[in-house]
Number of protein chains: 2
Amino acid sequence: MPYDPSAFPPFAVTVDLVVLTVRRHSLCALAVRRGEPPFQGRWALPGGFVRADEDLSQAAARELAEETGLRAHDPAAPAQDNGAHLEQLATYGDPKRDPRMRVVSVAHLALAPDLPAPRAGGDASNARWAPVEELLQQGGYGRDGEPVAPLAFDHAQILADGVERARSKIEYSSLATAFCTPEFTVGELRRVYEAVWGVALDPRNFHRKVTGTPGFLVPTGGTTTRQGGRPAQLFRAGGATLLNPPMLRPEV
Amino acid sequence: MPYDPSAFPPFAVTVDLVVLTVRRHSLCALAVRRGEPPFQGRWALPGGFVRADEDLSQAAARELAEETGLRAHDPAAPAQDNGAHLEQLATYGDPKRDPRMRVVSVAHLALAPDLPAPRAGGDASNARWAPVEELLQQGGYGRDGEPVAPLAFDHAQILADGVERARSKIEYSSLATAFCTPEFTVGELRRVYEAVWGVALDPRNFHRKVTGTPGFLVPTGGTTTRQGGRPAQLFRAGGATLLNPPMLRPEV
DNA sequence: ATCATAGTCGTCTTCCTGACGATAAACACT
DNA sequence: AGTGTTTATCGTCAGGAAGACGACTATGAT
């Protein structure tokens with residue numbers, strides 16, 4: 001089969017972003033309101049077209065910066081800068097997922113510490129952090145009693161996949177630190193796990209586990225009292241990316 | 001941004017397949033010889049263009065059937081038929097990964113029991129099962145002393161990612177049974193783990209673990225002696241997909 | 001001074017795992 | 001028939017990890 005441009009159908013390729021953070025003890029995702037059809041006025045995940053000379057990860061990092069101002073981590077660099085964790089999630093290509101044309105979307109997952117209010121991107125008239133349960137309950141009612149429209153396109157599925165990826169990945173990797181500020185306490189890290197998994201963890205056993213897992217946490221020497229109560233030691237993320245032994249999500 | 005077909009660059013979208021099986025105690029992947037440029041004559045992963053009206057998973061299943069005759073499992077169906085396990089792996093979109101044009105490839109991972117010799121697909125002049133170490137040693141020398149050309153495109157990276165996915169996924173899921181015939185013995189399952197991980201496992205501890213993990217194995221009542229030695233019980237895969245506790249890959 | 005809030009250290013029991021001894025049931029020889 | 005070889009299966013023991021939970025410590029608030 002020689003090179004023949006007419007031998008394959010043309011696709012549009014986009015990146016969509018599942019940007020997760022922990023705010024007020026709950027796992028939140030970044031949503032943007034669509035300013036044009038289809039799904040005009042509905043909430044959606046941020047994203048956009050991949051440019052002609054751009055790699056997929058570059059496109060995802062560019063969209064992340066446009067929507068949040070966050071720089072993505074260089075995967076090779078140690079986790080010391082203020083950037084967010086960014087990784088490819090999965091690709092969605094149902095022929096009917098976009099009514100306009102054939103669009104294949106390469107979804108990415110970004111994890112970030114708690115941020116100020118998001119700034120809307122160029123093609124979105126609004127943007128907000130919303131608890132993931134609120135975004136995922138299709139056709140239900142939000143906390144304020146107003147009906148909640150489901151996310152545009154197949155973005156509810158993408159968000160659900162991203163949340164599940166985050167939930168399972170903090171078990172066996174040090175990724176939970178990506179939700180924390182550069183310096184954090186054991187209690188703050190525990191509240192991240194509790195928010196992402198939606199469970200309560202025993203503070204004593206949690207403390208024993210994370211401080212006993214080699215390479216997970218490095219004490220910085222300082223202490224803080226910003227949570228109230230007895231001052232807590234400050235830590236930063238250690239070099240380990242794979243946790244051994246892993247953190248186990250409680251069953252049931 | 002209204003709908004404007006000229007607002008986005010057109011991409012070709014392909015699926016590439018990492019098809020793994022265990023043959024003669026070693027983990028093997030399906031490779032096809034390219035019949036046309038670029039990389040003519042070099043080994044590559046099977047794959048092809050996604051059609052205009054096809055979902056990504058449909059395209060992957062179609063390519064798998066064309067290359068091997070295997071039917072992919074319906075993910076909803078229980079693991080009883082003879083089909084192979086098929087799941088999306090990752091997407092590769094470097095602008096220069098194909099010298100002809102902009103191609104985004106959605107790689108899929110397939111796991112199959114040992115099969116007869118592969119049949120070549122339409123656009124491949126040859127096909128074979130090769131040990132993954134042989135396909136991954138770029139520019140080295142094969143067992144027969146002949147120089148080994150690296151895989152075409154970025155297929156070495158894709159294969160490496162697929163192998164790593166398989167290696168980690170059999171730890172915490174029952175996926176290793178996808179390498180086995182519908183009925184198998186504990187020893188056969190152990191040899192799958194040994195081949196995929198490249199380690200030796202203690203038969204006694206392995207037997208205790210797999211028979212003690214609820215939902216992993218269901219005895220069929222029969223026994224077999226096809227491996228020589230004392231007859232072994234036959235099992236089929238149980239309903240559990242997530243193993244608790246997981247099988248742990250020995251370190252170092 | 002007392003209380004509430006967090007953080008940190010220990011203890012105890014249970015379960016999982018790795019190392020390894022011992023037995024069982026087939027086959028291939030002699 | 002006996003002997004060795006191979007593979008399967010059961011049991012024992014010690015070390016480590018994890019859940020449950022008691023006890024103590026160091027702050028700020030009333």
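Below, chain A is the first sequence line, B the second, and so on; all start at residue 1. Just so we're clear, the structure is a prediction, and the values are computed from it rather than from any experiment.
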Quiz item: Does anything in residues 177-202 of chain B pair up under ring-ring contact (aromatic ring centres under 6.0 Å, His included), and if so which pairs, sequence neighbours excluded?
Solution: B:Tyr193-B:Trp197, B:Tyr193-B:Phe206
Without decimals, in angstroms, what is the distance between [X] [atom1] and [N] [atom2]?
X	N	atom1	atom2	result
A:Leu248	D:dG16	CG	C1'	14 Å
B:Phe184	D:dA8	CZ	C1'	16 Å
B:Leu189	D:dT7	CG	C1'	16 Å
A:Leu243	D:dA17	CG	C1'	15 Å
B:Asp202	D:dC10	CG	P	14 Å
B:Phe235	D:dT9	CZ	C1'	10 Å

Which heavy atom of [X] sits nearest to which heavy atom of [Y], and what is that distance?
X	Y	value
A:Ala29	A:Leu20	CB-CD2, 3.8 Å
A:Val18	A:Gly162	CG1-CA, 4.3 Å
A:Glu63	A:Val15	CG-CG2, 3.7 Å

Self-check item: Nearest-0.5 Å distance, CG of residue B:Asn244 to CG of residue B:Leu242
Solution: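 Answer rounded to 0.5 Å: 8.0 Å.
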Quiz item: With a distance cut-off below 6.0 Å to the six-membered ring centre and an angular limit of 45° from the axis, does B:Arg24 pair with B:Trp129 as a cation-pi contact?
Solution: no
Are the side chain of [X] and the backbone N or O of [Y] linked by a donor-acceptor pair below 3.5 Å?
X	Y	value
A:Asp202	A:Asn205	yes
A:Arg165	A:Leu89	yes
B:Thr21	B:Ala112	yes

Exercise. Enumerate the residue pairs fulfilling salt bridge (Lys or Arg N to Asp or Glu O under 4.0 Å) with a member in residues 210-231 of chain B, sequence neighbours excluded, ordered by first and then second residue.
Key: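 For residues 210-231 of chain B, and leaving out neighbouring residues, the salt bridge (Lys or Arg N to Asp or Glu O under 4.0 Å) pairs sorted by first residue read B:Glu188-B:Arg226.
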Exercise. Mind checking B:Arg226 for me? I need base, sugar-phosphate or nothing, with any heavy atom below 4.0 Å counting as a touch.
Key: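 The answer is nothing, as B:Arg226 stays clear of every strand by at least 4.0 Å.
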Quiz prompt | Nucleotide interval of DNA chain C bounded by contacts with chain B (heavy-atom cut-off, under 4.0 Å) | solution = C:dT17 to C:dA26
Exercise. Could you check if a side-chain atom of A:Val163 sits within less than 4.5 angstrom of a side-chain atom of A:Leu27, using non-hydrogen atoms only?
Key: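 A side-chain contact under 4.5 Å exists here.
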Exercise. For DNA chain D, determine which residues of residues 204-214 of chain A have any heavy atom closer than 4.0 angstrom to one of its atoms, and list them numerically.
Key: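 Nucleic-acid contacts, sorted: A:Arg204, A:Asn205, A:Arg208, A:Lys209.
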Self-check item: Earlier contact from the 5' end, DNA chain C, for B:Thr225 and A:Arg191
Solution: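 Between the two, 5'-proximity favours A:Arg191.
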Quiz item: Is it true that A:Arg249 and A:Glu171 make a salt bridge, defined as a side-chain N closer than 4.0 Å to a carboxylate O?
Solution: yes
Quiz item: Salt bridge or not for B:Arg128 and B:Glu134, using N-O below 4.0 Å?
Solution: yes
Practice problem: With axes from five pairs an end, tell me the bend angle of the helix from C:dA1-D:dT30 to C:dT30-D:dA1, nearest 10°. | Solution: 0°
Check nucleotides 2-6 of chain D for protein N or O atoms closer than 3.5 Å to its own N or O atoms and list the pairs.
none

